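The shown structure was predicted, so the numbers you read here are calculated from the model rather than taken from an experiment. First the proteins, then the strands, lettered A, B, ... as listed; each starts at 1.
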Protein chains: 2
Amino acid sequence: MPTIRDVARLAGVSVATVSRYLNHKGYVSRETAEKVEAAIRALKFEPNEVARGLANQKLNAIAVILPDITNPFFPELLKAIDEQAERYGYNVLVWNARSHASKRSSYARMIRQQYLDGAIIAAHDIAEDEIARLQAEAIPLVLVDRPSAHGVPQIRSRNREGARLAVRHLMAIGAEKIAHLSGPASILPAAERRQGYLDEVEARPWFAPSLIVGGELSIEGGMAATEALLARHPDVDAIFAANDLMAIGALKVLHRRGIRVPEDVALIGFDDIPLAAVVEPELSTVRQPVDVMGRLAVDLLLRRSNARPKKKHPAAQPIERPDDPSSAAGPSVYELEVTVIERASTLRKNR
Amino acid sequence: MPTIRDVARLAGVSVATVSRYLNHKGYVSRETAEKVEAAIRALKFEPNEVARGLANQKLNAIAVILPDITNPFFPELLKAIDEQAERYGYNVLVWNARSHASKRSSYARMIRQQYLDGAIIAAHDIAEDEIARLQAEAIPLVLVDRPSAHGVPQIRSRNREGARLAVRHLMAIGAEKIAHLSGPASILPAAERRQGYLDEVEARPWFAPSLIVGGELSIEGGMAATEALLARHPDVDAIFAANDLMAIGALKVLHRRGIRVPEDVALIGFDDIPLAAVVEPELSTVRQPVDVMGRLAVDLLLRRSNARPKKKHPAAQPIERPDDPSSAAGPSVYELEVTVIERASTLRKNR
DNA sequence: GTGAAAGCGCTAACAA
DNA sequence: TTGTTAGCGCTTTCAC
């Protein structure tokens, strides 16, 4: 492997000049540049990223910390992040919240040791104090779909609003008793969606708190919650699930019981994972713009740490939180618009 | 950030000694070790990975090149790889075959520039000559589910055998006219599965080549292929699909047409992606041991490049290929056992 | 057993 | 504009 030194020698200049040429920093005369260029080509020189990393104290790479890569939402997010990082010329390290950290060492440590530029955290199963530590050490951070003490930039969807849209959609097609399969209260998006549901139905005559059934945000969780729901309220005619996986679980249970969707019970989920369009009947849902979330996450992270972003995000709605003192330094919570996707599971009923 | 120098100073020894202590190389007396230890603790010293990378000419990281991270098979594989890499203390860079490479620069270049230890390639959409180049440069490589010129270690399932098992299973439950939805012939596993199907049915009186319908290995591909199949052979009573996604596509089409599964048509896929257990009816399939594939890939890669593996892989069946001259240096193709998973889509029919 | 010193390949003052 | 040189933080001979 030729080094910058070889290039310098062949071009008859100093390594400093080659370095300047390479990084477009400082002055390099036209002719010198050409000589350097020629030498680089002749030697097939490739600057060594690790050496630059050492010298610059940064490696042009970021970490993405995910809770569970096999949950279909995250590959989508990862893909978006990866593509955007690629545009900046950055590498992406994928860390599994469960298997990493605790084991080898803390995230802060891993990030420092490797001169990473920061981390995108989408894992709700990382403790708040771990986040606090990272922030205390001034490690650039962006949180996706999880909250934290103020100051850390956060990206998430308009969960509450999305839930309201979903419920209104169910009402619009004629639903008269709408239940909600809710996720763990400890997971913010789940809590927000629950609240959105409440916003819409609390005042209705038919509403009863027992129409809300909690469970894990998984297919199994959705199945269990639906069983419980049907035991209590055999007469529901619509269900809003906290996410698509739960909705799919609900679908399975309804199907087994011979309850038709959407004729007997209309069903809507949240996220719009690819699976939603695959099940039968196809699942209506509230779409989160994963791709925007991923791109924005990278932009925010790298903007903070150094690079210049290249695009605007029209879908992003940076909001000021009046109770957040840090907002003086710019908004720290970005909420993205969501939209209802109507599919067969909420096809207007003809009764 | 304290450096090794600070540690040395505080401990009253030289940096060389600290380094030796850190890497368990060379002799360090009991007492010296204790002093160093104390200094490290006192300073909260964390060795810098990038600097070690430079000095060692290796960064303890590998690249994983995937064709499409949103295809549910790959997150599973990635997870397994990630967990195993973690055990070795290695980092994983995830590269998307489509978006990377061509763009920035070649894989070979990226791997060298970053002192990576090698790459696991699961992308069938990487050209053979790209692989050849990597190998020519002696970059450690392991291929998963894709073939290549000999010499490069390859991991895959017993696709042909699995296909035979699937078809035999269909026969065992009473199927009398079995069709096959096959993937692109250019993708090796797809070709092997097709061959396995042929092995079992070619001699049957009911067999006709038109029972094989090609398509993409996706849900859409499965749908299209099924449409075509039904047009030709409305009387098929069983379908073996080249992978689960295609099978799910078939399921959708059959469902729309009012054809019952498994009563009218039995259906079996291949891979056992999580989705298979989610659709209705649940999909029978041939299971590939993704987790073993991932672990083995990491082991082979790192064994070649340096580290010592820690476990055996009982499911792995290294096979010698008599026509492969390189097998003198050890087997280069590992075929993993597969098993039929019986679910509702092939429940024995009572006619 | 331990330390001095020369790298690993590149960047960035500071001079010239 | 360009070159000299001192790092970046760690590893590794090679003496002692």
Sugar-phosphate, base or nothing in reach of B:Val18, heavy atoms under 4.0 Å: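 Since no nucleic acid heavy atom lies under 4.0 Å of B:Val18, the category is nothing.
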Sugar-phosphate, base or nothing in reach of B:Tyr21, heavy atoms under 4.0 Å: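 Touches nothing.
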Nearest-nucleotide pick for [X], side chain only, options being [options]:
X: A:Ser29; options: D:dT4, D:dT1, D:dC8; answer: D:dT1
X: A:Ala55; options: C:dC10, C:dG3, D:dT12; answer: C:dC10
X: B:Thr3; options: D:dC10, D:dT12, C:dA12; answer: D:dC10
X: B:Asn56; options: C:dG3, D:dG9, D:dT11; answer: D:dT11
X: A:Ala16; options: C:dG3, C:dA12, D:dG7; answer: C:dA12
X: B:Ile4; options: C:dA12, D:dT2, D:dT11; answer: D:dT11
X: A:Phe45; options: C:dC10, C:dT11, D:dC8; answer: C:dC10
X: B:Pro47; options: C:dG9, D:dC10, C:dC10; answer: D:dC10
X: B:Val28; options: C:dT11, C:dT2, C:dG3; answer: C:dT2
X: B:Thr17; options: C:dC10, D:dT1, C:dG3; answer: C:dG3

Any N/O donor-acceptor pair, A:Arg20 side-chain to D:dG3 base, under 3.5 Å: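 Yes.
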For atom CG of A:Asn60 and atom P of D:dC8, their distance in whole Å: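 Rounded to whole Å, this separation is 20 Å.
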Between C:dC10 (P) and A:Leu59 (CG): distance, integer Å: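 In whole Å, C:dC10 P lies 14 Å from A:Leu59 CG.
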Electrostatic pair A:Arg146-A:Glu128, nearest N-O below 4.0 angstrom: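 Answer for the salt bridge query: yes.
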Salt bridge present between B:Asp82 and B:Lys79 (N-O < 4.0 angstrom):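 A salt bridge is absent here (no side-chain N lies under 4.0 Å from a carboxylate O).
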